[in-house]
Amino acid sequence: MSDVTDTLCVMTTPAHPNPGGGGPQGAPEPPPFDPSAALSVRGLWKRFGQKIAVSGVDLDVPAGSFYGLVGPNGAGKTTMLSMATGLLRPDFGGASVHGVDLWAHPDEAKATLGILPDGVRLFDRLTGRQLLTYAGMLRGMDKATVVERTADLLQAFDLTADADTFVVDYSAGMTKKIALGSAMIHAPRTLVLDEPFEAVDPVSAANIRDILKGYVAGGGTVIVSSHVMDLVQRMCDHVAVMAGGHVLAAGTVDEVRGEQSLEDRFVDLVGGRQHSEGLSWLRGS
Amino acid sequence: MVARFLTLKLTLMGNTFRKSVWQTIGLILASLYALGIVGSLVVAVAAISFFEDPALAGLAVTLGGAVTVLGWWLIPIFAFGVDATLDPHRFTTFAIPRRTLVAGLAVAGLISVPGIATVLLALGTAFAWVVEPGVLLVALVGAVLGVATCVIGSRAITTTLAPVLESRRYREVVAIVAVVLAVLIGPLIGWLTNGVEISVGPAEDGNAFLAMVQQAAAVVGWTPFGAAWALAGAAHDGDWLGLVGRLAVALGTIGLAWLVWDRALGRALVRPPMGDGGGGRAKGLGAFGLVRFSPTWGVAARTATYWLRDPRYSGSIAVVPLLPVVIYFATQSTGNYFMLLATGPFVAWLLGFSISNDIGYDYTAFALHVAAGVDGRADRWGRTVPMLLVGPVVAALTVVATVWVADSWHLLLPLLGLALGLLLVSTGVSSAVSARLVYPVAKPGESPLKSPQGAAVATMVSQGVGFAVTLGLSVPVLALGIAAVLLGGVLWGVATLVGGLLYGVLMLVLGVRFGARVYDRRLPELLQQVQSFP
């Protein structure tokens with residue numbers, strides 16, 4: 001499978017030497033996609049009304065890496081990930097998944113991607129089991145595989161007891177887990193997870209981390225966005241820091257953080273820490 | 001503090017203007033509409049008062065006021081969540097004395113289009129008594145008390161019922177009941193006035209009618225709904241005992257409602273909002289276990305599940321069998337069966353049209369289709385499959401039932417042809433339109449009666465385009481059907497049936513293929529559109 005796709009990327013890449021066709025006027029021409037990367041993003045721009053959410057992002061996520069994407073609120077993480085996974089059409093720039101140009105061949109690229117988008121609802125009038133089944137059917141999988149993997153996923157996410165409960169009655173954490181399950185059911189080569197640990201209890205989060213680590217050890221690639229630096233530092237081997245629509249730093253975790261903790265390095269990069277005495281009236285009387 | 005609640009409500013309102021031009025336009029239109037209704041009602045009451053008799057105007061105000069109070073009290077139970085901007089739960093963490101909170105919320109409750117309209121209407125109609133200054137004063141007091149009854153009673157009921165209203169199961173049942181009621185309200189009124197006409201004789205017999213209104217107003221004037229509005233009438237008649245009694249009823253109502261609300265609010269502030277604990281369960285795979293495993297059949301199974309389980313769909317399904325009944329009762333008195341016989345084709349056309357905003361109904365759950373890169377043909381065909389399985393059966397049953405009632409069996413074939421042809425054409429058009437024009441509707445879990453603010457224009461444009469295209473493309477089926485009805489004969493009937501089916505299938509295939517092409521091209525844009533819904 002991987003051989004075929006690798007050959008394919010070598011064949012497709014020269015056909016798209018200039019991904020997405022440049023950027024807004026004055027923006028430098030982005031380099032070509034990295035065909036060996038699980039996810040390669042070039043010159044991504046997106047503007048909503050007056051606000052430029054993502055301005056010229058280049059990023060390579062090496063295959064087999066556990067990649068963390070961190071940034072303050074409103075940094076453009078979700079917008080960037082949406083454009084890198086085919087959920088949102090970029091104004092400029094493009095993305096490739098294992099060397100397949102996503103916006104030129106969306107079906108081929110999406111087949112190898114598992115996506116957990118942030119801030120979208122689920123088809124929550126289905127039961128958990130039905131939702132996973134539905135996700136499998138949309139991916140064109142056969143019945144035996146879907147039934148088997150649905151049971152496995154429910155087990156892995158500790159949802160077996162609630163398999164027949166409607167998703168609308170799930171708690172926030174359970175909803176996150178069932179959404180994660182429906183992103184994994186087709187055994188994608190790359191998982192792109194936007195805030196996967198939000199509202200998930202510590203035990204479930206640890207279970208999910210184990211599942212993801214096993215997945216990476218087996219050759220898969222995981223990209224997670226998160227606010228929790230500590231978690232990213234412990235879990236990920238690569239990290240990118242985003243703020244104001246730009247990537248400020250990217251590389252292995254050790255490269256990015258240097259001698260500091262990731263959190264301190266992040267604060268240095270992003271700025272905004274206040275070193276004043278601040279809120280003196282809050283100190284009690 | 002009360003002033004601060006007012007400012008808060010006004011600021012919230014102002015901010016929605018800043019957010020969207022369409023919402024502003026929608027609100028302006030709603031205000032103009034309300035102003036028009038208030039204006040014409042006030043003029044009507046004034047006219048009765050000046051040209052007929054102020055006492056007559058008083059009767060009208062009493063009855064109309066009672067209906068207004070009923071509306072304020074009952075509508076929020078059905079149209080829940082319509083205005084949650086000042087949900088008491090949002091004030092839980094602030095240390096606001098309950099008395100202040102109640103007063104603030106009561107006054108702020110008036111700052112809305114219906115609230116302001118009620119105030120204007122109450123004060124405007126009070127001036128029917130302008131020729132008798134003493135009575136006018138009483139009428140103004142009555143108007144203030146009446147408005148207070150509306151607002152405080154409404155808040156008391158919604159806050160008391162909040163724990164029930166928050167439960168998803170209850171909401172779903174109520175939602176369906178509300179949709180059915182909304183459909184039935186027209187015929188019900190017609191039926192009632194019919195009954196009145198029969199019991200008091202034709203409308204020309206003004207005295208009998210007047211006597212009945214007087215009787216009704218006399219009773220209503222002593223109920224909590226009408227007491228405040230009947231004060232002026234009592235003062236006019238010089239019925240001082242009646243005035244004091246009605247004042248007592250009105251004040252008692254307000255006081256009791258205030259007390260109930262105060263208590264309910266006290267409970268609401270210490271009890272977090274939550275849905276029903278248990279939640280529904282379904283066994284196994286349901287519809288998914290019945291179909292072949294492919295994207296198309298997956299979408300079909302999901303669509304079928306939603307029709308049954310999502311009140312936004314099941315509400316409209318519950319209405320379909322009622323339509324022939326409603327039309328039967330509406331046209332029964334005339335003995336003309338044309339409308340009744342047209343019901344079958346109409347229901348068929350309506351069914352096909354009901355899937356014309358499917359992606360809008362999916363809301364952001366549609367992201368799953370985008371993430372999986374569902375093929376346009378799979379999505380489009382999948383959404384039409386349940387319609388194609390159920391629609392013809394429903395349409396045919398309606399046609400047979402109406403033909404039976406009207407005893408017009410000679411029209412069976414042409415009507416069947418018309419109904420099936422229209423069903424297929426409108427399903428095809430819906431499949432094409434829904435990939436291009438998406439407009440905001442009630443979100444999953446909201447009341448189906450709630451239409452999002454500012455969506456009115458987008459809805460009208462999309463539906464208008466859908467109507468026009470369907471109508472244009474239905475011309476061949478309609479022409480065949482009309483010819484068959486006019487010329488008669490089995491041959492024409494068969495021709496309509498066969499022609500309608502063949503043409504309908506052609507339109508369906510073309511519509512789905514066009515829709516699929518548009519869908520494939522605009523997949524991310526469709527998701528962006530539903531994500532930008534207000």
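Letters A, B, ... mirror the listed sequences (proteins, then strands); counts begin at 1.
- Annotation: the span from A:Met137 atom CE to B:Thr296 atom OG1 amounts to 9.5 Å, rounded to 0.5 Å.
- Rounding to the nearest 0.5 angstrom, the gap separating the CG atom in B:Leu523 from the CG atom in A:Asp107 is 8.5 Å.
- Using a distance-only test at 3.5 Å, with no hydrogens or angles considered, a donor-acceptor pair links the side chain of A:Arg121 to the main chain of B:Pro444.
- Taking CZ from A:Phe123 and CZ from B:Phe366, the interatomic distance works out to 8.0 Å, rounded to the nearest 0.5 Å.
- With rounding to the nearest 0.5 angstrom, the CG atom of A:Asp164 is 8.5 Å from the CG atom of B:Leu285.
- Crowding of B:Phe353 atom CZ: a count of heavy atoms from other residues, nucleotides or ligands under 6.0 Å exceeding 12.
- For A:Phe48, the part lying under 4.5 angstrom from a heavy atom of chain B is the side chain only.
- Considering only heavy-atom pairs separated by less than 4.5 Å from chain B, the leading option among A:Ile115, A:Leu126, A:Leu113 is A:Leu126.
- More than 12 heavy-atom neighbours from other residues, nucleotides or ligands sit within 6.0 angstrom of CH2 on B:Trp307.
- The minimum heavy-atom distance between B:Ala367 and A:Leu87, with the atom names listed, is O-CD2, 4.1 Å.
- Atom-to-atom distance recorded for A:Arg125:CZ and B:Arg302:CZ is 12.0 Å, nearest 0.5 angstrom.
- Within 6.0 Å of CD on A:Gln155 lie no more than 12 heavy atoms contributed by other residues, nucleotides or ligands.
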Exercise for review: Apply side-chain contact (heavy atoms from CB on, under 4.5 Å) to A:Leu88 and B:Gln531, showing your working.
Suggested key: CA-CA 11 Å; A:Leu88 180 70; B:Gln531 278 182 325; 5.6 Å; no

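- Contacts of B:Thr305 with chain A are made by side-chain atoms alone, with heavy-atom separations under 4.5 Å and no backbone atom involved.
- Other residues, nucleotides and ligands place no more than 12 heavy atoms under 6.0 Å from the CG atom of A:Asp158.
- The two residues B:Arg309 and A:Gln130 have their closest heavy-atom pair at NH1-OE1, 3.5 Å.
- Within the model, atoms CZ of B:Phe288 and OG1 of A:Thr127 stand 8.0 Å from one another, a figure rounded to the nearest 0.5 Å.
- Pairing each heavy atom of B:Gly298 with each of A:Tyr134, the nearest pair is O-CE1, 3.3 Å.
- Taking each heavy atom of B:Phe293 and A:Thr133 in turn, the nearest pair found is CZ-CG2, 3.7 Å.
- B:Val299 touches chain A through backbone and side chain together, each having a heavy atom under 4.5 Å away.
- Nearest heavy atom pair, residue A:Leu138 against residue B:His369, reads CD1-CD2, 3.8 Å.
- Heavy atoms of A:Val192 lying under 4.5 Å from chain B are absent altogether.
- With hydrogens and angles disregarded, no donor-acceptor distance shorter than 3.5 Å links the side chain of A:Lys110 to the backbone of B:Val374.
- Within 6.0 Å of the CZ atom in B:Arg513, the count of heavy atoms belonging to other residues, nucleotides or ligands does not exceed 12.
- Only the side chain of B:Leu527 comes within less than 4.5 Å of a heavy atom in chain A; its backbone stays farther off.
- When each of B:Trp297, B:Tyr306, B:Tyr363 is checked for heavy-atom pairs under 4.5 Å with chain A, B:Tyr306 comes out on top.
- Atom CZ of B:Phe514 has 12 or fewer neighbouring heavy atoms from other residues, nucleotides or ligands inside a 6.0 Å radius.
- Surrounding CZ of A:Arg47 are at most 12 heavy atoms belonging to other residues, nucleotides or ligands under 6.0 Å away.
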